[in-house]
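First the structure, in the form of C-alpha coordinates, and then the observations on it.
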Amino acid sequence: MKDFYSKVYEIVELIPYGRVTTYGAIAEALGARKSSRLVGIAMNLSHELVPNLPAHRVVNRNGVLTGKHHFIGANTMENLLSNEGIEIVDDVIKNFKLLFWNPREEL
DNA sequence: ACAGTGACTACAT
DNA sequence: AATGTAGCCACTG
(Lines give C-alpha, C1' and ligand atoms only; values in the text may rest on other atoms or scores of the structure.)
Protein backbone atom coordinates (compact mmCIF):
# COMPACT_ATOMS: atom_id res chain seq x y z
CA MET A 1 0.00 0.00 0.00
CA LYS A 2 1.34 3.36 -1.04
CA ASP A 3 1.09 6.57 0.88
CA PHE A 4 -2.31 8.16 1.06
CA TYR A 5 -1.18 11.16 -0.91
CA SER A 6 0.43 9.11 -3.63
CA LYS A 7 -2.80 7.24 -4.14
CA VAL A 8 -4.76 10.46 -4.24
CA TYR A 9 -2.50 11.85 -6.94
CA GLU A 10 -2.70 8.58 -8.80
CA ILE A 11 -6.46 8.76 -8.98
CA VAL A 12 -6.59 12.44 -9.83
CA GLU A 13 -4.26 11.84 -12.75
CA LEU A 14 -6.66 9.18 -13.98
CA ILE A 15 -9.59 11.58 -14.25
CA PRO A 16 -10.53 11.65 -17.94
CA TYR A 17 -10.53 14.85 -19.94
CA GLY A 18 -13.74 16.78 -19.54
CA ARG A 19 -14.82 14.82 -16.47
CA VAL A 20 -14.73 15.66 -12.76
CA THR A 21 -14.81 13.87 -9.43
CA THR A 22 -15.08 14.75 -5.77
CA TYR A 23 -12.84 14.70 -2.74
CA GLY A 24 -15.16 12.29 -1.03
CA ALA A 25 -15.25 9.93 -4.00
CA ILE A 26 -11.47 9.77 -4.02
CA ALA A 27 -11.33 9.22 -0.27
CA GLU A 28 -13.93 6.51 -0.54
CA ALA A 29 -12.06 4.85 -3.37
CA LEU A 30 -9.12 4.65 -1.01
CA GLY A 31 -11.27 3.07 1.65
CA ALA A 32 -11.19 6.16 3.84
CA ARG A 33 -14.55 7.83 3.39
CA LYS A 34 -14.07 10.03 6.42
CA SER A 35 -10.69 11.25 5.28
CA SER A 36 -12.00 13.42 2.49
CA ARG A 37 -10.28 16.36 4.12
CA LEU A 38 -6.95 14.72 3.59
CA VAL A 39 -7.68 14.66 -0.10
CA GLY A 40 -8.11 18.41 -0.08
CA ILE A 41 -4.90 18.79 1.87
CA ALA A 42 -3.17 16.52 -0.58
CA MET A 43 -4.32 18.79 -3.37
CA ASN A 44 -2.97 21.77 -1.52
CA LEU A 45 0.42 20.11 -1.20
CA SER A 46 0.32 18.88 -4.76
CA HIS A 47 1.34 22.34 -5.94
CA GLU A 48 4.95 21.53 -5.18
CA LEU A 49 4.86 17.76 -5.53
CA VAL A 50 2.82 17.30 -8.71
CA PRO A 51 2.45 20.62 -10.58
CA ASN A 52 0.82 18.92 -13.56
CA LEU A 53 -1.92 17.42 -11.45
CA PRO A 54 -5.37 18.24 -12.88
CA ALA A 55 -6.63 19.41 -9.51
CA HIS A 56 -9.20 21.58 -11.26
CA ARG A 57 -11.16 18.40 -12.01
CA VAL A 58 -11.67 17.77 -8.31
CA VAL A 59 -14.53 19.56 -6.58
CA ASN A 60 -16.65 19.06 -3.49
CA ARG A 61 -19.71 16.85 -3.46
CA ASN A 62 -21.99 19.62 -4.71
CA GLY A 63 -19.88 20.33 -7.75
CA VAL A 64 -18.70 23.63 -6.27
CA LEU A 65 -15.21 24.90 -7.01
CA THR A 66 -14.27 25.32 -3.37
CA GLY A 67 -10.57 25.29 -4.14
CA LYS A 68 -10.48 27.88 -6.91
CA HIS A 69 -8.73 30.42 -4.68
CA HIS A 70 -5.84 28.08 -4.20
CA PHE A 71 -4.93 28.20 -7.85
CA ILE A 72 -2.53 30.64 -9.39
CA GLY A 73 -5.23 33.10 -10.42
CA ALA A 74 -8.78 33.69 -9.25
CA ASN A 75 -10.20 32.38 -12.53
CA THR A 76 -7.62 29.71 -13.30
CA MET A 77 -9.78 26.81 -12.20
CA GLU A 78 -12.83 28.03 -14.09
CA ASN A 79 -10.80 28.68 -17.21
CA LEU A 80 -9.22 25.24 -17.15
CA LEU A 81 -12.60 23.58 -16.72
CA SER A 82 -14.43 25.62 -19.33
CA ASN A 83 -11.47 24.93 -21.61
CA GLU A 84 -12.43 21.25 -21.32
CA GLY A 85 -16.03 21.97 -22.21
CA ILE A 86 -17.28 22.06 -18.64
CA GLU A 87 -19.74 24.85 -17.91
CA ILE A 88 -19.23 26.82 -14.71
CA VAL A 89 -21.90 29.10 -13.31
CA ASP A 90 -21.41 30.86 -9.99
CA ASP A 91 -18.56 28.50 -9.07
CA VAL A 92 -20.81 25.50 -9.60
CA ILE A 93 -20.35 22.89 -12.33
CA LYS A 94 -23.34 22.62 -14.62
CA ASN A 95 -24.45 19.02 -15.30
CA PHE A 96 -22.15 17.98 -12.51
CA LYS A 97 -24.07 14.77 -11.99
CA LEU A 98 -23.51 13.98 -15.65
CA LEU A 99 -19.81 14.83 -15.71
CA PHE A 100 -19.07 13.08 -12.44
CA TRP A 101 -16.43 10.40 -12.75
CA ASN A 102 -16.43 7.74 -10.07
CA PRO A 103 -12.89 6.43 -9.44
CA ARG A 104 -14.32 3.34 -7.80
CA GLU A 105 -15.84 2.24 -11.09
CA GLU A 106 -12.45 2.48 -12.75
CA LEU A 107 -10.63 0.57 -10.04
C1' DA B 1 5.33 20.69 22.17
C1' DC B 2 0.52 22.46 21.79
C1' DA B 3 -3.28 24.49 19.55
C1' DG B 4 -5.50 26.16 15.58
C1' DT B 5 -6.76 25.48 10.88
C1' DG B 6 -8.26 23.56 6.41
C1' DA B 7 -9.37 22.32 -1.47
C1' DC B 8 -14.64 17.64 3.07
C1' DT B 9 -18.51 14.70 4.36
C1' DA B 10 -21.85 12.20 6.98
C1' DC B 11 -24.69 12.00 10.80
C1' DA B 12 -27.28 14.01 14.65
C1' DT B 13 -30.24 17.80 16.57
C1' DA C 1 -34.61 22.53 6.10
C1' DA C 2 -30.94 24.45 8.63
C1' DT C 3 -27.13 24.19 12.07
C1' DG C 4 -23.93 21.78 14.89
C1' DT C 5 -20.69 18.03 15.85
C1' DA C 6 -17.43 14.49 14.90
C1' DG C 7 -13.77 12.23 12.39
C1' DC C 8 -9.66 12.39 9.42
C1' DC C 9 -4.23 14.06 9.84
C1' DA C 10 -0.59 17.20 7.96
C1' DC C 11 1.01 21.81 8.11
C1' DT C 12 1.94 26.34 10.51
C1' DG C 13 2.80 29.64 14.13
Rounded distance (Å) that lies between atom [atom2] of [N] and atom [atom1] of [X]:
| X | N | atom1 | atom2 | value |
| --- | --- | --- | --- | --- |
| A/Lys34 | C/dC8 | NZ | C1' | 9 Å |
| A/Asn60 | C/dC8 | CG | C1' | 17 Å |
| A/Glu48 | C/dC11 | CD | P | 12 Å |
| A/Ile93 | B/dA7 | CD1 | P | 17 Å |
| A/Met43 | C/dC9 | CE | P | 17 Å |
| A/His70 | B/dG6 | NE2 | P | 9 Å |
| A/Phe4 | B/dA7 | CZ | C1' | 13 Å |
| A/Asn62 | B/dA10 | CG | C1' | 13 Å |

For B/dG4 and C/dT5, measure between their P atoms and round to the nearest Å.
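Looking at atom P only, B/dG4 and C/dT5 are 15 Å apart.
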If we take the C1' atom in both B/dA7 and C/dT3, what is their distance in whole Å?
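Those two atoms are separated by 22 Å.
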Contact class for [X] vs. all strands (heavy atom < 4.0 Å): base, sugar-phosphate, or nothing?
| X | value |
| --- | --- |
| A/His47 | base |
| A/Asn44 | base |
| A/Arg61 | sugar-phosphate |
| A/Leu45 | sugar-phosphate |

Where the side chain of [X] is concerned, which of [options] is the nearest nucleotide?
| X | options | result |
| --- | --- | --- |
| A/Ser35 | C/dC8, C/dA10, B/dA7 | C/dC8 |
| A/Ile41 | B/dC11, B/dC8, B/dG6 | B/dG6 |
| A/Arg33 | C/dC8, B/dA10, B/dA7 | B/dA10 |
| A/Thr22 | B/dT9, B/dA7, C/dC8 | B/dT9 |
| A/Thr66 | B/dA10, B/dT9, B/dA7 | B/dA7 |

Would you mind telling me which of A/Ile72, A/Val59, A/Thr66 makes a side-chain contact (heavy atoms from CB on, under 4.5 Å) with A/Met77?
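In the set A/Ile72, A/Val59, A/Thr66, the residue that makes a side-chain contact (heavy atoms from CB on, under 4.5 Å) with A/Met77 is A/Val59.
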Got more than 12 heavy atoms from elsewhere within 6.0 Å of NE2, A/His69?
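No, not enclosed.
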Are A/Arg57 and A/Glu84 ion-paired here, with the side-chain N under 4.0 Å from a carboxylate O?
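Result for this pair is yes, salt bridge flagged.
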Can you work out whether A/Tyr5 or A/Ser36 has the more 5'-proximal nearest nucleotide on DNA chain C?
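Of the two residues, A/Ser36 wins.
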Tell me whether A/Phe4 is reachable from A/Leu53 by hopping between hydrophobic residues (I, L, V, M, F, W, Y) whose side-chain heavy atoms are closer than 4.5 Å.
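Yes; A/Phe4 is reachable from A/Leu53 via cluster members.
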Reported CG-to-CG distance for the pair A/Asn60 and A/Asp91, which is rounded to 0.5 angstrom:
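That separation rounds to 10.5 Å.
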